[in-house]
Amino acid sequence: MNILIATRQFTGGGLEQHLDILSQTLLSKGHRLTFCVSKYEPRCVPSFAAHCRMETGFRFGTGMHYSVDEFRADTERLRAIVREEKIDVISAHPAICAVTFAGVLERVPVAVTLHGDGSVNFTEYTVDTALFYQAMESVFSHIFAVSDTVAGVAGKLCGTPVSILRNPAKTQMLRRPAPDQKIWALASRLDDDAYEGICAFFDWLPSLDIDRLLVFGAGTRETELRARAAQTGADKKIEWRGYDVNWLSASGGCYGVVGACRTAIEAMAAGYPVLLLHSAGNPCGLVDAAVYARGREQNFSDRYLEPLADIAGLQQQLEKCYRDPAPYLMYGNAALDYAAEAVCADFTEHIETLQPRPCAIFERFYASLDEVGGSLPLFTSFAVFEKLRDTFNYMNILPAVKALLVSANELYSVEQSKQTLEAIEASTTWRVSLGLQKAAQRLGLDRLKRRFGSK
C-alpha cells in the first residue's frame with residue numbers, strides 16, 4: 001500500500017517513537033510511505049527517513065496564528081502529494097485539519113490515531129474542535145487509540161469503528177548489570193507536561209538507593225529542571241545525556257528505567273524494571289503485575305494510578321527489587337501486548353479495507369473560505385466561525401456533545417459535565433458548536449456569547 005503518515009511534530013517523544021517503529025515495520029513489509037510533518041527538529045531524524053518521501057515545512061500545528069491562507073496552502077500541497085504518490089490511505093497522528101480536508105477532497109480514506117487524552121481534548125479553538133468532532137462522525141474511516149480509556153471516549157463520541165493500536169515496541173531482552181551497579185535511566189520530554197513529576201522525583205533522588213541517574217531528553221523546561229536538581233542536590237547523581245532516539249542502548253546497561261507511557265513500555269519490553277512517574281506529583285512506584293494490569297489500560301500514564309504517599313514506600317520497593325527483581329520484570333506481558341510485528345499487523349489489517357467517506361459539508365465549508373480574508377486566523381476569527389455555523393447544523397450534533405460530557409470517568413468530572421450540559425441545553429438563543437463543551441468550561445458561556453454573537 002501507499003500510505004501517507006502525517007503528524008504535527010517530530011521533536012522527540014512517545015508519539016515520535018510510536019511512528020518510528022511503526023514506520024520501520026511497515027517499510028519492512030513492503031509498504032511505501034510518505035511522511036508529512038509540520039514541526040521538525042533535525043536532531044530527531046526518523047530512522048526511516050532515507051527509505052521514504054519526507055515532506056516538511058507545513059504550517060499546521062501553529063495554533064491560533066494559523067491563517068486561512070496557510071490552511072489552504074497546506075491542504076492543496078497535501079492534495080498534490082496524494083495524487084503524485086497515488087496514496088491509498090492517510091494515517092493522521094492525531095487529527096490534523098488540513099490532512100482531513102485533503103482526504104475528503106481527494107476521496108482517500110483517513111484513519112486517525114488518538115495518542116492520549118490530548119488527542120480528543122486538544123484545543124481551545126472552537127472551529128478546530130468542531131471540525132475534529134464532526135470528522136470523527138462523518139469523515140474518518142477508522143479511529144485507532146493507544147489506550148482502552150481513549151478508545152472508550154472515542155466510541156461514545158461517534159459511530160465510526162474504533163480499535164486499540166498499542167504503542168509498538170521492540171521486544172528484545174537487553175542485559176542488565178548486577179544490582180550492585182545501581183544505575184537508572186530517565187527518558188522523557190523535559191517540557192511542561194513532565195515538569196512536575198520529574199521535579200518530585202528529583203526531590204527524592206538524593207535519599208534514594210540509586211547511585212547514578214542518566215537523564216535522556218530535551219525540552220522547554222530543561223534549564224529549570226537542571227536548576228531544581230542543583231537545588232535539591234540531585235545533580236550530584238545525574239548525568240545529562242540529551243535527546244537520543246536510542247536512549248535505552250545508550251544507557252550502557254542501566255539497572256532500571258524511570259519514566260511513563262512510551263518510556264515505560266519500551267523498558268518493560270526490553271526486560272527492565274520500571275519506576276513509573278506521575279505527571280503532577282510523587283512517583284507511582286515500581287511496576288509489578290498489579291500496576292501493569294491497571295497501567296496497560298491507560299498507556300501507562302498516571303490516570304487511575306495513585307502516587308506514593310511518601311519516599312519510604314519507594315525505598316522499600318527498591319530494596320525488594322535489588323534483592324529479587326523477578327516481580328518487577330514485565331517482559332513477558334509487554335512482549336505479548338506491544339510487539340511491533342503484532343501491532344503493525346493489526347494496523348494494516350484495518351487500513352487495507354478502508355473506503356473513503358465523502359463529506360459534502362466539509363467540501364462546502366472549504367469552498368466557503370474563498371469569501372474569507374486569507375490573512376485571518378482560521379480557528380479564532382469571527383468570519384470563519386460564521387461560515388462554520390452556516391455550514392453545519394449544530395443542533396443535530398448535540399447528542400455527540402452530550403456523549404462526551406456524561407462520560408463520568410473520562411476527561412471531565414461528573415459535576416462539570418452536568419453543569420455544562422444543562423447550560424448548553426438551556427441556551428436556546430444561539431447555535432452550539434461541537435467545541436463548546438470545552439470552551440464553555442474554560443471561558444464561560446457568557447463570554448462565549450459575547451465572542452461569537454447571540455445568533
Side-chain angles (χ1 to χ4, degrees), residues 3-26 33-49 52 54-56 58 60-63 90-100 110-123 132 140 143-147 149-151 153-154 164-170 187-195 197 216-221 243-248 259-267 269 277 279 298-303 338 340 343-344 346-347:
I3 305 169
L4 186 151
I5 295 179
T7 183
R8 282 187 172 87
Q9 62 186 30
F10 206 92
T11 55
L15 182 149
E16 289 83 350
Q17 283 290 85
H18 176 111
L19 289 174
D20 204 291
I21 294 179
L22 180 65
S23 298
Q24 287 179 47
T25 312
L26 288 169
L33 299 186
T34 300
F35 190 76
C36 299
V37 60
S38 175
K39 187 179 180 182
Y40 176 74
E41 294 186 12
R43 65 181 174 83
C44 304
V45 177
S47 64
F48 57 88
C52 72
M54 289 280 296
E55 291 287 336
T56 63
F58 291 93
F60 50 72
T62 53
I90 294 172
S91 174
H93 297 259
I96 301 166
C97 195
V99 176
T100 302
V110 180
V112 63
T113 300
L114 308 176
H115 286 262
D117 293 352
S119 296
V120 289
N121 184 25
F122 63 95
T123 176
F132 168 62
F140 299 142
I143 298 173
F144 295 102
V146 300
S147 74
T149 297
V150 176
V153 174
I164 295 173
L165 185 74
R166 302 205 183 276
N167 269 309
K170 298 175 182 177
S188 173
R189 276 198 179 100
L190 308 181
D191 60 8
D192 289 338
D193 291 338
Y195 179 75
F216 293 90
T220 56
R221 304 298 291 272
Y243 174 78
D244 191 332
V245 68
N246 298 310
W247 63 271
L248 202 48
C261 301
R262 176 78 205 186
T263 293
I265 291 166
E266 283 190 59
L277 291 181
S279 63
Q298 319 304 331
N299 195 41
F300 291 94
S301 69
D302 49 44
R303 182 178 295 277
Y338 299 98
V343 172
C344 183
D346 286 344
F347 180 74

Practice task
Answer whether the closest heavy-atom distance between the side chains of Ile5 and Leu19 falls below 4.5 Å.
Solution key: yes
Problem - From CA spacing to verdict: side chain to side chain contact (heavy atoms under 4.5 Å, CB included), Thr34, Ile3 - result: CA-CA 6 Å; Thr34 300; Ile3 305 169; over 6 Å; no
Practice task
State which residues pass ring pair (Phe, Tyr, Trp, His ring centres under 6.0 Å) with Phe35; sequence neighbours excluded, sorted by chain then number.
Solution key: Phe10, Phe48
Handout entry: Heavy-atom check, side chain of Val99 versus side chain of Ile90, under 4.5 Å
Key = yes
Practice task
Identify the two heavy atoms, one from Pro168 and one from Ala340, that lie closest to each other, and give their separation to 0.1 Å.
Solution key: CB-CA, 3.9 Å
Completion exercise
Heavy atoms of Cys344 and Leu26 approach each other most closely as SG-CD2, 3.5 Å
Practice task
Over all heavy atoms of both residues, which pair between Gly197 and Leu277 is shortest? Give the atoms and the distance, please.
Solution key: O-CD2, 4.3 Å
Practice task
Measure the shortest side-chain to side-chain distance between Arg262 and Ile21 over non-hydrogen atoms and say whether it is less than 4.5 angstrom.
Solution key: yes
Handout entry: Beyond-backbone contact of Ile265 with Asn299, side-chain heavy atoms, under 4.5 angstrom
Key = yes
Exercise for the section: Indicate yes or no for a side-chain donor-acceptor contact from Ser301 to the backbone of Cys261 under 3.5 Å, with no hydrogens or angles considered. Expected result: no
Practice task
To the nearest 0.5 angstrom, please state how far the CG atom of Leu15 sits from the OG1 atom of Thr7.
Solution key: 4.5 Å
Exercise for the section: For Tyr195 and Leu190, run side chain to side chain contact (heavy atoms under 4.5 Å, CB included): C-alpha distance rounded to whole Å, both residues' side-chain angles, the deciding distance at 0.1 Å, then the answer. Expected result: CA-CA 6 Å; Tyr195 179 75; Leu190 308 181; over 6 Å; no
Exercise for the section: State whether a side-chain donor-acceptor pair under 3.5 Å links His115 with Thr113. Expected result: no
Exercise for the section: Please determine, by modelled atom types, if Gln298 and Thr149 share a side-chain donor-acceptor pair under 3.5 angstrom. Expected result: yes
Exercise for the section: Can you sort out the partners of Ala187 under side-chain contact (heavy atoms from CB on, under 4.5 Å), two or more places apart, ordered by chain and number? Expected result: Phe216, Trp247, Thr263
Problem - Within-4.5 Å side-chain heavy-atom neighbours: His93 and Gln9 - result: no
Problem - Close side-chain approach of Ser91 to Phe347, heavy-atom, < 4.5 Å - result: yes
Practice task
Answer whether the closest heavy-atom distance between the side chains of Leu4 and Cys36 falls below 4.5 Å.
Solution key: yes
Problem - Set of salt bridge (charged side-chain N to carboxylate O under 4.0 Å, His left out) partners for Arg166, sequence neighbours left out - result: Asp148
Practice task
Quick one: list whatever passes side-chain hydrogen bond (donor to acceptor under 3.5 Å, both in side chains) with Asp192, sequence neighbours left out.
Solution key: Arg221
Fill in the blank from the handout: Minimal heavy-atom distance between Phe140 and Val112, with the atoms involved, is CD1-CG1, 3.6 Å
Fill in the blank from the handout: For Ala194, the side-chain contact (heavy atoms from CB on, under 4.5 Å) test, sequence neighbours excluded, returns Ser188, Asp191, Ile198
Practice task
Name all residues meeting the side-chain contact (heavy atoms from CB on, under 4.5 Å) criterion together with Ser38; count only those two or more places apart in sequence or in a different chain, and write none if there are none.
Solution key: Phe58, Phe60
Problem - Heavy-atom pair with the smallest gap, counting every atom of Cys52 and Leu33 - result: CB-O, 3.1 Å
Practice task
Please test Val146 against Ile164 for side chain to side chain contact (heavy atoms under 4.5 Å, CB included), starting from the C-alpha separation and ending with a verdict.
Solution key: CA-CA 6 Å; Val146 300; Ile164 295 173; over 6 Å; no
